[in-house]
Amino acid sequence: MRIRRILGLALAAATLAGVSAVGAVSAGAASSPNISRDDCTAAGGHIVSRPYSGDACALPDGTTPAIT
C-alpha cells in the first residue's frame with residue numbers, strides 16, 4: 001500500500017512537471033514579435049481583425065503576429 005502511494009505521488013509530480021513544461025513552451029511559441037502593416041503585406045500575409053486584441057497579420061507559415 002505504501003509503495004503504491006509513493007508511486008502515485010511520483011507519477012502525479014511527473015505529470016504536473018510535464019504539463020508545466022508544455023505550458024511554458026506553448027506560451028513562448030504564442031508570443032511572436034510584432035510586425036508592421038507594410039512588412040506583413042511584403043511577407044505575403046494579410047491583415048485579420050481579432051476581437052478584443054486589435055489587428056494581426058496572418059502569414060503564410062501560419063503565424064499571426066500583432067500589428068504595430
Listed partners of D61 passing side chain to side chain donor-acceptor pair (under 3.5 Å), at least two apart:
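Residues passing side chain to side chain donor-acceptor pair (under 3.5 Å) with D61: T63.
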If the condition is side chain to side chain donor-acceptor pair (under 3.5 Å), which residues does T41 pass it with, not counting sequence neighbours?
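Side chain to side chain donor-acceptor pair (under 3.5 Å) check on T41 returns nothing, list empty.
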Would you give the length of the straight line joining atom CG of D38 to atom SG of C57, rounded to the nearest 0.5 angstrom?
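Spacing of CG (D38) from SG (C57) equals 11.0 Å.
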Please list all pairs meeting side-chain hydrogen bond (donor to acceptor under 3.5 Å, both in side chains) that have one or both residues in residues 42-54, counting only residues at least two apart or in different chains.
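Sorted result for residues 42-54: S49-D55.
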Can you see which heavy atom on L59 is nearest to which on A43, and at what distance?
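In this case the closest contact between L59 and A43 is CD2-CB, 3.9 Å.
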Cluster partners of I35, using ILVMFWY side-chain heavy atoms under 4.5 angstrom, listed by chain and number?
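Members other than I35 - counting any ILVMFWY side chain reachable under 4.5 Å - are I47, I67.
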